[in-house]
Colleague: 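Handing you this structure, nothing more for now.
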Amino acid sequence: MLPWFNTQEQNIDDLIRRIPEELPILPLRNTVAFPYIVMPLAVGIPRSVRLIEDVDRGNRVVGLVAMKDPSVEVPTTTQVYQIGTAAIIHRVMRSDDGTLTVFIQGLERFRVVAWTAEEPYFKARVRLTPDIVEGSVIEEALRRSLLDVATRLAELIPQFPEEAMRFIQQLEDPRLLVYLLASNMRIEMTDAQQLLEADRLANKMEHLVKVLTHEVEVREIGQQIQEKAKEEIEKTQREYYLRQQMDAIRKELGEGDDGRREVEEYRQKIAESGMTEEAKEEAERELARLEKMPPQAAEYWVIKTYLDWLVALPWQAQTEDHLDIADARTVLDEDHYDLEDVKERILEFLAVRKLRQERGLDTVTEADLQGRKIEGSGAILSLVGPPGVGKTSLGQSIARALGRKFTRMSLGGMHDEAEIRGHRRTYIGAMPGRIMQAIKRTGVKNPVFMLDEVDKVGSDWRGDPSSALLEVLDPQQNHAFRDHYLDVDFDLSQVLFICTGNTTATIPPPLLDRMETIEIDGYTEYDKLHIAEQYLVPRQLKMNGLLPDEIIFGEPSIRAIIRDFTREAGVRQLEREIGKICRKVATQVAEMKEEQRMETPAVAGESETAGASQGDESSAPGAVEGEVVAAAEPVEGETMAAAEPVEPIEITPEKVHEYLGKPRYRFEAALRTERPGVATGLAWTPTGGEVLFVEAAAIPGTEGNLILTGHLGDVMRESARIALSYVESHLKDLGLAEDCCKGTIHLHVPSGAVPKDGPSAGITMVTALVSLLTGRTVYPDLGMTGEVTLQGQVLPIGGLKLKVMAAHRAGLKRVIVPKLNDVDLEELPDKIRNEVEFILVEDVNEVLQHALTPKAETPEAETEVTPEASTAVETPPPLGVEAS
Ligand code: ADP
């Protein structure tokens, strides 16, 4: 559709000059003719045909105007625009039906000045109105914009010929450019007419840029819509196709229905589990993935395991609390001897908790969750004390009193945070942490949950597990505990957590902060006796299938076990030893029954296996947890079914020694202090107090030196140095020879493998040294504790109560204590205050006065002290150090 210049002999300007003042006017339907532009016209109406034929025979110039309303068949002069284009007819083609196809080319704009004829066709007097071309910069800028937008538009019209665009870009004349674009880009009729009517070229261009830019936008958006629709159609088609294929494959493998049934089952379980909205969303998302997966995919089982976890958790399940303080007291009393203070405090704790719950102070509301501080709901109960004092069994009693389920886990020996919080699901073989595992096992969201060895956190853990633990325990955080594996919040706020540990010293401070600590110090011999009689013996009898009338455990025998075979703050070892005796007796009873049976013929239905499970090692020592008790019960029935009653076996102290072997602890202090250079000290350890010996030896003829052994910490090493310096600087006062400390001095604190630290062995070290150097032994029934200064003052120490109890256990009768510790003595049980004599001292001289025997009492002391004499202490029996 290129312009047709100079087709005939004349050029276009000549043609314009020849345009007459009066023109025949041809109305155009749906088209606007522009100057320069060549176009074909179809002419069919008789008056128009006549017009063309007349003009074709004449000067071939015609005026073209557009009709305002294209629906009108034959317009009147008012129904056509007054501005049009004069054009020259290049060629007329006639078809058989009388219609014409006319090729015309626009020449110049005109305005109708007056209509001169209406018949046989319109004629008008016209005035040519050439465009106003300024040649300005604005025109140039508009020309470029026009080219740009035209190029963009051409790209969006797929059928737009490339060469046409190239031609357009090379055009010099801006008028030609405007008209060419206007006639080729299919713009609206009204826009085209407006364009023609504008007098200034700049206005025409501006208008055209606007129209074309709009067209570009419309087309771009249209294209985007089309592309998106196409994509969507492709995707759904693709999915449909794949699903069809998958169904076919499943059917072929014969597994289609199973998979679907499984998915349905999960859907139902999810709906019934009562899980939170968040968990439900996650579960459903995973289920949707599962649905699309073949069971052979490794991922299939990963998702299944995850869903199994989610549906199995006790999201809503809980036991009903029936907390009645009087009942709780009864339960605690039933299960535990004495411990009055402890029970009192536990009851207070429970009462406060109950009250808070009743008054709604423990419920976390939406508003709380939205950032307002949650009122510090009750603290975490924490029982601290040596092993075997009943911490675990108190926890169990609390659960029983509340009617809650009980579960426990140990924090000691755990390796990293993931054990608490689990591994993320992206890890192969990931599992939830042990907290959630335990919760799932109990099947309720409100068990009593005991966390043992909370004092071992951090010491043998990697990562930062105490922060994870804090999240579990802190009432302000644990209503939304997030396990890494489950990755959804779980409400732990209904769980009653109870921590246990041996000492508060190593509990991470942020945890300790939130704890209500109850300390249990340990038992005196008297307490142990009662615990044994009322609880341990009956339990062990039952566990070993013995009847109460088959065995008599007298008080003297229990005392013998306590004194000679245990050295502990709690009663664990005691229970083990009682258990050992019970097993031995059970074996005897069983043997006696065998003999009886041999003698008398068997009665029909009599048990063949009476006592078969007695003496079973596997249910013995450490198996004293409550769960095992129930397992041993059926044995009772069997034993009862046995025939004749046998004579009860009475356990005497002699029998105890017969069953348990040589005494393990007796006279230890006495044995150890038989020679000069050994003094009995008292130490505090997390497992309760302990008796510890300080040994000193001199190695004459060697260079002056101090050797320290026995795994001593820095503070204890310094104490030893101070003790030696004190002695060296007081040789004269102590009545010692000037050169007595010249050689090497060796201080040792058995047992060598157990780490020890602290300043409180100070006076014991001085005493051991002076005993060595003077050759005077230390009284065997005497223990001591106290820090010493270089000047010989005795300073107070900590942990006195446990230390004194340990001294009492070890059979010591007198204990040297710093004077400033006398207030602590009040805390001691009456029993101990009555049985132990306390010597309060301020100065180390007083210690020596009370500790050392007179010289005459030790015949060896007459002779010079030799290294052999001072070090050759008999190999001591193992010290009763037991780690919980
Ligand atoms: P811990 O948890 O403190 O190490 P346990 O709770 O395991 O100690 O106690 C060890 C055993 O001693 C248990 O069988 C417990 O019932 C018993 N026991 C401890 N103290 C008492 C007590 N005061 N009365 C009755 N039994 C006790």
Side-chain angles (χ1 to χ4, degrees), residues 329-347 381-401 406-413 448-456 497-504 517-544 553 558 561-562 566 568-580 582 619-632 685-688 802 805 809 829 831 880-884:
R329 189 186 299 275
T330 319
V331 170
L332 287 176
D333 283 342
E334 264 171 24
D335 297 348
H336 295 93
Y337 168 79
D338 196 38
L339 293 177
E340 287 311 322
D341 293 353
V342 176
K343 288 177 188 165
E344 207 54 44
R345 286 198 53 196
I346 290 177
L347 290 174
L381 187 64
S382 154
L383 303 170
V384 175
V389 293
K391 301 183 293 294
T392 310
S393 66
L394 278 170
Q396 281 164 335
S397 296
I398 292 173
R400 187 155 86 87
F406 180 82
T407 184
R408 60 188 285 205
M409 75 181 242
S410 175
L411 301 172
V448 170
F449 199 136
M450 190 160 241
L451 294 165
D452 288 331
E453 309 204 322
V454 67
D455 55 336
K456 311 283 193 296
F497 286 104
I498 302 179
C499 296
T500 77
N502 296 140
T503 168
T504 53
T517 322
I518 299 182
E519 299 207 3
I520 309 175
D521 295 318
Y523 300 115
T524 62
E525 185 178 310
Y526 177 81
D527 294 333
K528 289 182 184 174
L529 183 66
H530 283 273
I531 293 173
E533 280 177 348
Q534 291 171 27
Y535 300 90
L536 308 183
V537 171
R539 185 156 59 220
Q540 285 303 319
L541 291 185
K542 205 170 175 189
M543 281 185 70
N544 290 289
F553 248 114
I558 295 177
I561 304 174
I562 297 172
T566 69
E568 57 177 352
V571 292
R572 216 175 256 177
Q573 185 68 24
L574 177 59
E575 181 160 10
R576 250 176 247 163
E577 300 298 333
I578 292 173
K580 257 190 229 169
C582 288
S619 70
V624 285
E625 306 302 345
E627 301 92 83
V628 187
V629 178
T685 70
T687 57
L802 288 178
M805 288 174 77
R809 277 200 298 278
K831 212 67 198 143
V881 179
E882 180 191 27
S884 173

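In listed order, ligands and their atoms are each counted from 1.
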Colleague: Record the part of Q534 in heavy-atom contact with ligand 1 below 4.0 Å; permitted values are side chain, backbone, both and neither.
Modeller: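 The answer is neither; Q534 stays 4.0 Å or more away.
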Colleague: At under 4.0 Å between heavy atoms, which part of K391 makes contact with ligand 1: side chain, backbone, both or neither?
Modeller: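 Within the 4.0 Å criterion, K391 contacts ligand 1 through backbone and side-chain atoms alike.
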Colleague: Quick one about T330 and D333 (side-chain donor to acceptor, distance below 3.5 Å, no hydrogens or angles considered), yes or no?
Modeller: no
Colleague: Flag G390 as yes when one of its N or O atoms lies below 3.5 Å from any N or O atom of ligand 1, and as no otherwise.
Modeller: yes
Colleague: Between E575 and R572, is there a salt bridge with N-O shorter than 4.0 Å?
Modeller: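 Salt bridge between R572 and E575, a charged N being under 4.0 Å from a carboxylate O: no.
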Colleague: At less than 4.0 angstrom from any non-hydrogen atom of V571, what atoms of ligand 1 do you find?
Modeller: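 So the atoms of ligand 1 that pass are 12 (O), 17 (C), 18 (N), 19 (C).
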Colleague: Side chain, backbone, both or neither: which part of D335 comes within less than 4.0 Å of ligand 1 when only heavy atoms are counted?
Modeller: backbone
Colleague: Below 3.5 angstrom, do we get any N/O pair linking Y523 and ligand 1?
Modeller: yes
Colleague: Check this for me: does any side-chain nitrogen of one of R329 and E344 sit under 4.0 Å from a carboxylate oxygen of the other?
Modeller: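 Looking at R329 and E344, the cut-off is met.
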Colleague: With a 4.0 Å cut-off on heavy atoms, is G570 touching ligand 1?
Modeller: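 No, G570 has no heavy atom closer than 4.0 Å to ligand 1.
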Colleague: Are any of the N/O atoms in I531 less than 3.5 Å from those in ligand 1?
Modeller: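 No, there is no polar N/O contact under 3.5 Å.
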Colleague: Side chain, backbone, both or neither: which part of Y337 has a heavy atom under 4.0 Å from ligand 1?
Modeller: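 Y337 to ligand 1: contacts from backbone and side chain alike.
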Colleague: Is ligand 1 under 4.0 Å from a heavy atom in the side chain of T392, in the backbone, in both, or in neither?
Modeller: both
